[in-house]
*Asks:* 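Encoded as structure tokens, here's the structure I'll be asking about.
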Amino acid sequence: MLKEWKSLKDMELILSQQKASRLTGLIAYFLTFIPEDRRKHKFWPENPKSFRKVLEEYTSRMQILTELVSKAMAKSLNLEADCFLNQFGERAALQARFNYYSRCQRPDLVLGLKAHADGSGYTIILQDDVEGLQIIKDERWITAPSISDALLVLMGDQMEIMTNGIFKSPVHRVLTSSEKERISVAVFYTPEPNKEIGPEEGLVNEERPKIYKKVKDYAGVHWEYYQQGKRALHVAKV
Ligand SMILES: O=C(O)CCC(=O)C(=O)O
Ligand SMILES: [Fe+2]
């Protein structure tokens, strides 16, 4: 998938569409691929020829993966295996953001992607071998290792809500490099529109009261705040 994205991102069309964001050294390309009836095929690149086919394959693997990961997370918290999948709903979305960070002469001044938390349930990231993704922990930025062919699963705000704050949605950012360009594909797995999600009852007790309330269409609220460079999670706080 990274190979297809690499050969695509050189295309003049996309570069010109994205002039504004080139200032920050980032070119991003966003596609919804699940549910299938939400696909806007006219935006799906035709070149390289293999792009659509590889994206189809990547999609079906991501579907298998989200099922496995959602069940594994539930089991790790001693919950019913399907509980998160039920919250995500049958029409949960899978959306890909293809990121390209060009080389930058002043990495000390220019970020590839500003600090943010994802509004998804969780996000599955495929990176090339150039590091750059950083996650904040105890007020320090920690660089995520880039392991060839490994996928990185990053919690989004909605998993933090569903786990009543047990799994944290980390603030993260991407640095630029003066030596190497970097590419990544982030797949956002997000609960279906119009569906209420909230803390799993099994994770709420006297010692750990509910810290989040039920929310609906959180991704939209998150987007409003994101554009202003702010976090949105407080809107779900009890
Ligand atoms: O490029 C990356 O590794 C992370 C991208 C990211 O955080 C995002 O697209 O939300
Ligand atoms: Fe992100």
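Both counts, for ligands and for their atoms, begin at 1 and track the order of listing.
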*Asks:* Could you tell me whether F188 approaches ligand 1 through its side chain, its backbone, both or neither, with non-hydrogen atoms closer than 4.0 Å?
*Replies:*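 For F188, only side-chain atoms sit under 4.0 Å from ligand 1.
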*Asks:* Thinking salt bridges, do D108 and R106 make one under a 4.0 Å N-O criterion?
*Replies:*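 A salt bridge is present here (some side-chain N lies under 4.0 Å from a carboxylate O).
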*Asks:* If every non-hydrogen atom of A117 is compared with every non-hydrogen atom of H222, which pair is closest and at what distance?
*Replies:*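 It is O-NE2, 2.7 Å.
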*Asks:* How far is atom 5 (C) of ligand 1 from its nearest protein heavy atom, and which residue and atom is that?
*Replies:*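 The answer is N99 ND2, 3.4 Å.
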*Asks:* W5 vs F98 aromatic rings, parallel, tilted or perpendicular, using cut-offs 30° and 60°?
*Replies:*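 W5 and F98: tilted rings.
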*Asks:* Around atom 10 (O) of ligand 1, find the nearest protein heavy atom and jot down its residue, atom name and distance.
*Replies:*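 Minimum-distance protein heavy atom for atom 10 (O) of ligand 1 reads H116 NE2, 3.1 Å.
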*Asks:* Is any side-chain N of the basic residue among K53 and E57 closer than 4.0 Å to the acidic one's carboxylate O?
*Replies:*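 Salt bridge flag = yes for E57 with K53.
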*Asks:* Do any nitrogen or oxygen atoms of H172 lie less than 3.5 angstrom from nitrogen or oxygen atoms of ligand 1?
*Replies:*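 For ligand 1, there is an N or O atom that lies under 3.5 Å from one belonging to H172.
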*Asks:* Any ion pair linking E201 and K210 (charged N to carboxylate O, less than 4.0 Å)?
*Replies:*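 Answer for the salt bridge query: yes.
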*Asks:* If you stand at the Fe ion (ligand 2) and look out to OD1 of D118 and NE2 of H116, what angle do those two lines make, to 10°?
*Replies:*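 Computed angle, vertex at the Fe ion (ligand 2), rounded to 10 degrees: 90°.
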*Asks:* What atoms in ligand 1 come closer than 4.0 Å to a heavy atom of Y101?
*Replies:*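 Selected atoms, number and element: 1 (O), 2 (C), 5 (C).
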*Asks:* Just verifying a value: how many Å separate I135 CD1 and L154 CG, rounded to the nearest 0.5 Å?
*Replies:*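 I135 atom CD1 to L154 atom CG measures 5.0 Å (nearest 0.5 Å).
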*Asks:* Counting non-hydrogen protein atoms only, what is the nearest one to atom 3 (O) of ligand 1? Give residue, atom name and distance.
*Replies:*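 For this ligand atom, the closest protein heavy atom is R182 NH2, 2.9 Å.
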*Asks:* Return the residue, atom name and 0.1 Å-rounded distance of the protein heavy atom closest to atom 6 (C) of ligand 1.
*Replies:*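 Nearest protein contact, heavy atoms only, for atom 6 (C) of ligand 1 is L113 CD2, 3.4 Å.
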*Asks:* Hey, is D118 touching ligand 1 through its side chain, its backbone, both or neither, going by heavy atoms under 4.0 Å?
*Replies:*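 Only the side chain of D118 comes within reach of ligand 1.
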*Asks:* Do we get K3 above F51's six-membered ring, with its NZ or CZ under 6.0 Å from the centre and within 45° of the axis?
*Replies:*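 No; the conditions do not both hold, so K3 does not lie above the ring face of F51.
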